[in-house]
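Below, chains carry the letters A, B, ... as their sequence lines are ordered, and counting in each starts from 1.
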Protein chains: 2
Amino acid sequence: MTVNLKDVKQIFREKQYKLTTQRQLILQTFFDHPGQHLSAEDVFDIVRRDSTEIGLATVYRTLELLSELDFLQKIDFGDGRNRYEINTSNEAHHHHHLICLTCGKVRECDDDLLEALEGSIARKNNFEIVDHHVKFFGYCQECREKREE
Amino acid sequence: MTVNLKDVKQIFREKQYKLTTQRQLILQTFFDHPGQHLSAEDVFDIVRRDSTEIGLATVYRTLELLSELDFLQKIDFGDGRNRYEINTSNEAHHHHHLICLTCGKVRECDDDLLEALEGSIARKNNFEIVDHHVKFFGYCQECREKREE
DNA sequence: ATAGCTGCAAAAACTTTGCACATAA
DNA sequence: TTATGTGCAAAGTTTTTGCAGCTAT
């Protein structure tokens with residue numbers, strides 16, 4: 001189930017959060033940039049560029065709220081700032097991240113195999129798993145080709 | 001192969017880095033706190049508590065150096081600061097982290113099964129994988145028991 | 001009408017940097 | 001001896017907070 005504006009509106013109504021212009025603009029930014037991992041500053045710049053006034057503090061507060069509501073996922077790629085991506089699903093299916101150690105580019109990769117591991121790890125450790133983050137570090141095709149030139 | 005002081009001394013000699021008192025104290029801190037994920041401030045406090053003077057900037061610089069040399073591994077648990085753990089191996093074998101969403105405690109868990117996945121993901125995505133980080137989020141036994149009380 | 005939200009600016013929290021002095025090799 | 005490393009303080013970044021005014025509901 002992909003997050004859409006209707007879901008958001010409903011949850012906001014249920015939880016009695018106000019659906020302000022700023023909050024909609026921030027959400028729209030994520031809809032407009034699928035598969036990207038935006039930082040607070042990124043979102044701020046994008047909304048501002050589209051000629052609307054917004055405060056950086058509001059961006060931070062909204063990203064926090066949307067993460068709590070599980071519409072966004074907070075991720076750290078080791079570049080000293082938090083990044084967010086829109087949740088494509090409320091279910092357990094995830095994608096993972098391939099992070100190139102040369103160019104720093106982050107690519108997504110699908111994989112369902114990890115779900116199987118979860119069960120065995122949960123049992124072995126008596127730990128109820130509700131989510132996982134997996135990052136693979138290495139070298140992308142482009143950088144490997146350049147290296148050989 | 002577990003990192004020990006002899007390895008470190010040798011690599012330092014090879015790379016012409018000076019093995020200063022401060023660097024030894026910081027390494028010793030990790031030897032003295034196995035399985036812990038220490039922040040710069042943690043290390044700073046521990047070394048200071050043991051009555052030796054050290055500067056916070058030196059701690060940051062040393063943690064950076066030891067990470068580059070692969071003696072330490074930098075990890076982010078989402079608490080707004082970098083944490084480090086001593087590398088128990090130079091080989092591909094890793095442990096993963098179980099992070100409790102209630103109490104925030106981080107536990108390690110061994111698992112070799114992911115190595116198998118790596119091959120298939122690397123092939124499918126044409127990406128040369130050299131490392132991976134896996135974090136599982138959920139609820140530890142203690143917190144689940146408390147919840148039921 | 002009013003509880004909740006925003007923008008601004010100030011502050012907090014973490015990390016990096018410049019520089020004079022100190023020290024391992 | 002001298003290239004490196006250290007400590008301090010200052011500066012840089014990212015994120016949070018206080019507060020007066022604004023706005024969805």
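The NZ-P distance, from B/Lys15 to D/dT4, rounds to 14 Å in whole Å. Atom pair B/Glu41:CD and C/dT15:P shows a separation of 9 Å (rounding to whole Å applied). Atom pair B/Asp79:CG and D/dT14:P shows a separation of 18 Å (rounding to whole Å applied). Between the CG atom of A/Leu63 and the C1' atom of D/dT14 there is a distance of 13 Å, rounded to whole Å. C/dT23 atom C1' lies 13 Å from atom CD of B/Gln24, rounded to whole Å. Rounded to an integer number of Å, the gap from A/Leu65 CG to D/dT16 C1' is 16 Å. In this structure, B/Leu19 places its CG atom 11 Å from C1' of C/dA25, rounding to the nearest Å. The interatomic distance linking B/Leu56 (CG) with C/dC14 (C1') rounds to 9 Å, in whole Å.
Between B/Phe77 and B/His37, a ring centre-to-centre spacing shorter than 6.0 Å is recorded.
The phosphate of D/dG7 (OP1 or OP2) has a side-chain N or O of B/Gln22 nearer than 4.0 angstrom. Phosphate contact (OP1/OP2 of C/dT6, side-chain N/O of A/Thr20, threshold under 4.0 Å): present. One finds a side-chain N or O of A/Arg23 lying less than 4.0 angstrom from the OP1 or OP2 phosphate oxygen of C/dC5. Taking 4.0 angstrom as the limit, B/Tyr60 places none of its side-chain polar atoms (N or O) nearer than this to OP1 or OP2 of C/dT16. Within the structure, every side-chain polar atom (N or O) of A/Asn82 is placed at least 4.0 Å from both OP1 and OP2 of D/dT14.
Using cut-offs of 30° and 60° for the angle between ring planes, the B/His96 and B/Phe136 rings count as tilted.
The pair A/Glu85-A/Lys74 does not meet the salt-bridge criterion, since no charged nitrogen lies less than 4.0 angstrom from a carboxylate oxygen. Using a 4.0 Å cut-off between charged nitrogen and carboxylate oxygen, A/Arg81 and A/Asp76 do not count as a salt-bridge pair.
Residue-to-nucleotide proximity on DNA chain C shows that, of B/Arg83 and B/Thr21, the 5′-proximal contact is made by B/Arg83. Looking at which nucleotide of DNA chain D each of A/Lys18 and A/Arg61 is closest to, the 5′-most match is held by A/Arg61.
A 4.5 Å side-chain heavy-atom check between B/Phe30 and B/Tyr84 finds at least one atom pair inside the cut-off.
Distances from the side chain of A/Tyr17 to the nucleotides C/dT15, D/dG7, C/dC5 place C/dC5 closest. Counting only heavy atoms from C-beta on, B/Ile54 has its side chain closest to D/dG7 among D/dT6, D/dA24, D/dG7.
Contacts of B/Gln16 with the nucleic acid, taken as non-hydrogen atoms under 4.0 Å apart, are absent.
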